[in-house]
Each structure stands twice: as structure tokens, then as C-alpha cells.
2 protein chains.
Amino acid sequence: MARNEQKSKSTHDPLINAGLRLFGESGYDATSTRQIALAADANISAISYHFGGKEGLRLACAENVAKTLTTTITTFAAIESQTPEEAALELEHIVSALVQMLLLQPQAKTIPQFMLREIVQAEEVLDIIFPNFFEPIHKSLSQLWVRATGQDANSDAVMLSLFAVVGQVIYFRVSREIVYRRLKWDSVGPTEVQTVESIILTNLRATLEVAKKGSSQ
Amino acid sequence: MARNEQKSKSTHDPLINAGLRLFGESGYDATSTRQIALAADANISAISYHFGGKEGLRLACAENVAKTLTTTITTFAAIESQTPEEAALELEHIVSALVQMLLLQPQAKTIPQFMLREIVQAEEVLDIIFPNFFEPIHKSLSQLWVRATGQDANSDAVMLSLFAVVGQVIYFRVSREIVYRRLKWDSVGPTEVQTVESIILTNLRATLEVAKKGSSQ
DNA sequence: GTCTATAAACAGATAGAC
DNA sequence: GTCTATCTGTTTATAGAC
């Protein structure tokens, strides 16, 4: 008579997980509520019951992403105590982790996939994810960048340079079909990802160097 | 009795133009054939008649894009005759042109918008656009890059570096909502685009420098 | 909270007149 | 080549039994 033996667990969470996965794989418009209900082993009407409709499920997915990611942010702490060299190294580590997360095991990472779809779509979901994730992440990274280069904090140049670095990573994920065709890579494993990572890290170091010189002149 | 006075011009081209615009604005799945027919001032059944269906229209749009872009490629000619300095300068010009095209007048540029959607979607359309556009463009740019840096032609490093540069530009377009929120830019005019362009060109120069040193060691 | 049944609107496609 | 009319299937949403 344990509580977890009861047959009818709420379908709330399974629906969010299925929505996250299917919206990410095929896009919001190409995914039907029937597919989601089937994948979540739930009834179609459960979507309306729990979330008020398909759009409600989308927003619930976004809130789930924001909540999940907020717990990750604590990683970027104690930035003030670092030397410029440490800050540069930490930037490299973060970029490296981003590359590994986005390019390796592309099928398993539902949250990045969902986020990338919504970034391109650029609608209400950004209002949920932006203040809870992008803004704090960008602020932390900006502090690291400032620490590493000596540039003015919160200047447009710092933020844009940061976006340029992140953009390279995002692009290799979003346009991976094109990249892999051009390079004639059949499959993408750790070796290929390592090659991409080293290019991006080289660019990061080069950009940091230029930024340092620029701020010390 | 001039020929262009006849009431019934073919709806073939208007349908492609409407498809290009609407697929680009809202995505393929979110656009209905009725919307397209309305926008093209044509009958719904004209889509089946001319293209065999909605998917046929999508491919016809892709072929139209490929055809339009092929004429642009002639710009990149006579690369072999350039000095390294000229090659680097030409790369800067091309990147600059790409920034201007993608970031300025975002609502008017239907072809880039359609292409960006299809890049993310990554299906059969790429088979049409890739060999006719991306591959020749990338080959020409690779030659410029090799000329500018002295790196090995057709090495993975050259192609990936190139993708990294292009990726920054694409990212600023695809994720412009996020970038502009972070920078608190209300609208994006020539001044803002100029700022983005200078960051990207600075990165390009820094990357070229590093690549040059790497190949001469 | 979950189910069945069904409503109401919409999708893409097509037959056939002109 | 374009039109009207309609078919067939699917979509999201909901009413109501349990």
C-alpha cells in the first residue's frame, strides 16, 4: 500500500518532459498534442486540464527549463577573487563545457534543443527564459571577461565579444548539418568535437588578447 | 492587345514569392496553403497544380533561392591573383557585406530568412541549396583564407575557422532578440549594426593573425 | 485526475466545370 | 490555367461520465 504503487500518478510531469523533447525535436507547430499525450502515456485532455492548452504546455516547458537552469547558475560564483589569468582560464572552461554539451550526444540533450528552437522562434518563451537564465549567465561571463581583459565593465564591446564567442558554439550546433557536409564528416564523435572545440578556444584566446591590448592602450 | 494586358498571368511566381516570405516569417509548419494562396492572390488549388503540393512549393522555393544566389557567386572570382593582404581585405569585405545583409532591414530580406529557417530545419531543402550555394561559397572563401594565412588548403582547420567567422554573423541574426535585450537596444539601425560589424571584423583579424603565425612556425 | 466521445475548425488535396 | 465545391483526415479543445 505504498504511495508510489498507486496506478494514477499525475501526468503533469510526463507531459512536460514529452513536450520538451518533441517541441525540441520537431518544433512547436509540427508537434501535435496527440503525439505529446502518446509519448507521455497520458490522455489528450490532460494537456488542457493541467496547462489550459497546447500553448500553456509550451510555457510550462519554458518555466521548467528556467527552473532547471537556475540551479546551474550557482557554478559561476566568487568571480571577484580571481586573477586575470584565472578568469581567462575559467572562460575557456565554460566555453569548452558549452561545446561538449551542445555538440556531443545531440539526441539526448532535450533542454538545449528546446531552447535553441525557442531562440529562433523568439516569442513569449524568451520572456520566461531570458531573465532566469541568459541574463544572469551573461552577467557572470561579462564579469569574467572584464576581469580577464581589463575592458570597461558592461560596455557594449564586452557583451558583443561575449556573444560572438557563444555564437560560434551555437552556430556549430544549429548548422551542424551544413558544417558536417562541408567537412564530409559522416558521424560526429569526441574526436570531431575536439577539433571544433580547439578552433573555438583558439579564437577565444585571440579575441581576449586583442581586447587586452585595446584596453591597455 | 498587348500580351501583358491579359488578366490571367500565371500564379506560379507569385506563389513562390509568397511561400518564400511566409515560410521565412513563420516557418513551414506554421504556414497554411490558404495563407500562401491568399498572399499570392491565387487559388488554393494552384499550389497543387504548379508544384504538386505544399512540400513541392517548399522545394520550388529552395530552387528559386539557389538560382538567385548562384548569380551572386560570380563576385568571388580571380582569387588566385591576389596577394595575402588583398585576400585578407577581401575576406573583411565579404564578412562586412554579410553583416549588412543579415542585420539591416531584417523584414525585407526574404531569401536570408527562408534560408535560416531551412538551415535550422535541415531537411531535403539543404540538398538543393547546399551544392548550389554553400559549397561554392565556402570553397571560394577557403581559397581566400588559405591565400591570406598560408595554411594548408582544404584542411579541416581552415574550413572550421571560416565557419566560426560566418557563425558569429549568423548567430547575431538568429539570436538578435536575445542580443538586443541584453544590450537594451530598442531598435537596431546602422549605428548598432556598425558596432556589431566592428566586433566581428576585429575577431576576424585576430583569427587570421593567429592562423598566420600557426602556419609559419 | 482521468477517461470517452464529440464538437468545431482547420489542414492539404482533388474532381470536374469552365 | 483557374475556378468552385467538396472530400478526407487531423487539429485543438471541451463536455460530461466515472
Side-chain angles (χ1 to χ4, degrees), chain A residues 1-62 64 114 117-118 121 123-125, chain B residues 1-62 64 114 117-118 121 123-125:
Chain A
M1 62 176 293
R3 223 176 312 175
N4 56 4
E5 273 184 31
Q6 62 193 9
K7 183 223 162 202
S8 297
K9 269 176 53 186
S10 173
T11 53
H12 182 277
D13 290 1
L15 280 172
I16 287 187
N17 289 331
L20 230 35
R21 184 171 63 82
L22 292 173
F23 288 154
E25 284 175 7
S26 317
Y28 178 80
D29 295 299
T31 307
S32 74
T33 52
R34 277 173 170 76
Q35 285 177 271
I36 297 169
L38 182 70
D41 198 26
N43 193 278
I44 320 160
S45 47
I47 295 174
S48 291
Y49 176 77
H50 285 297
F51 313 104
K54 188 185 182 183
E55 190 64 30
L57 175 58
R58 179 189 217 165
L59 297 179
C61 288
N64 180 277
F114 178 85
R117 285 272 181 193
E118 294 293 346
Q121 209 70 10
E123 290 176 32
E124 198 179 346
V125 165
Chain B
M1 60 175 296
R3 223 175 314 175
N4 56 5
E5 272 186 31
Q6 63 192 7
K7 185 225 160 201
S8 297
K9 269 175 53 186
S10 172
T11 53
H12 182 278
D13 290 1
L15 280 172
I16 287 188
N17 289 331
L20 232 34
R21 184 171 62 82
L22 292 173
F23 288 154
E25 285 175 6
S26 316
Y28 178 79
D29 295 299
T31 306
S32 75
T33 52
R34 280 173 169 81
Q35 284 179 272
I36 296 169
L38 182 70
D41 198 25
N43 193 278
I44 318 162
S45 48
I47 295 174
S48 292
Y49 177 78
H50 285 298
F51 312 104
K54 188 186 183 183
E55 190 63 29
L57 175 58
R58 179 190 216 165
L59 298 179
C61 288
N64 180 277
F114 178 85
R117 286 270 183 193
E118 295 292 345
Q121 209 71 8
E123 289 176 34
E124 199 178 345
V125 165

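A:Phe23 and A:Tyr28 have tilted rings, their planes meeting at an angle from 30° to 60° on a 0 to 90° scale.
In this structure, SG in B:Cys61 is found 8.5 Å from CD in B:Glu118, a value given to the nearest 0.5 Å. Atom NE2 of residue B:His12 and atom CG of residue B:Asn17 lie 10.5 Å apart, to the nearest 0.5 angstrom.
With rounding to whole Å, A:Ile47 atom CD1 is found 15 Å from C:dG1 atom C1'. For the pair B:Arg58 CZ and C:dA13 C1', the interatomic distance rounds to 18 Å; values are reported in whole Å. Here C:dG12 presents its P atom at 8 Å from CD1 of B:Ile36, a figure rounded to the nearest Å. One atom, CG of A:Leu57, and another, P of D:dT11, lie 15 Å apart when rounded to the nearest Å. Residue B:Tyr49 contributes atom OH, which lies 18 Å from atom P of C:dC18 at whole-angstrom precision. Separating the CG atom of B:Leu22 from the C1' atom of C:dG12 is a distance of 16 Å, rounded to the nearest angstrom. Separating the CG atom of A:Leu38 from the C1' atom of C:dC3 is a distance of 16 Å, rounded to the nearest angstrom. For A:His50 and C:dG1, the NE2 to P distance is 6 Å, given to the nearest whole Å.
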Under the rule of Watson-Crick or G-U wobble with both distances under 3.5 Å, where | means paired to another strand and [ ] a crossing pair, DNA chain D maps to |||||||.||||||||||
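The nucleotide whose nearest atom lies closest to any side-chain atom of B:Ser48 is, among D:dT2, C:dT14, C:dT2, C:dT14. Nearest to the side chain of A:Lys54, among D:dA13, C:dT2, C:dG12, sits D:dA13.
Considering every non-hydrogen atom in both A:Ser45 and A:Asn43, the closest pair reads OG-OD1, 2.6 Å. Across every non-hydrogen atom of B:Leu15 and B:Leu57, the tightest pair is O-CD1, 3.9 Å. The two residues A:Arg21 and A:Ala39 come nearest to each other via the heavy atoms NH2-CB, 3.7 Å. Here the closest heavy-atom approach between residue B:His50 and residue B:Ser10 is recorded as CE1-OG, 3.6 Å. Closest heavy-atom contact between A:Leu22 and A:Thr31: O-OG1, 3.3 Å.
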Is there any protein nitrogen or oxygen under 3.5 Å from a nitrogen or oxygen in nucleotides 4-10 of chain C, and what are the pairs?
unit_1 : atom_1 : unit_2  : atom_2 : d
C:dT4  : OP2    : A:Asn43 : ND2    : 3.4

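Note on B:His12: every side-chain N or O is 4.0 Å or more away from OP1 and OP2 of D:dG1. Dashed line: the shortest gap from a side-chain N or O of A:Thr33 to OP1 or OP2 of D:dT11 is not under 4.0 Å.
A salt bridge does not link B:Glu124 with B:Arg58: none of the charged nitrogens is closer than 4.0 Å to a carboxylate oxygen.
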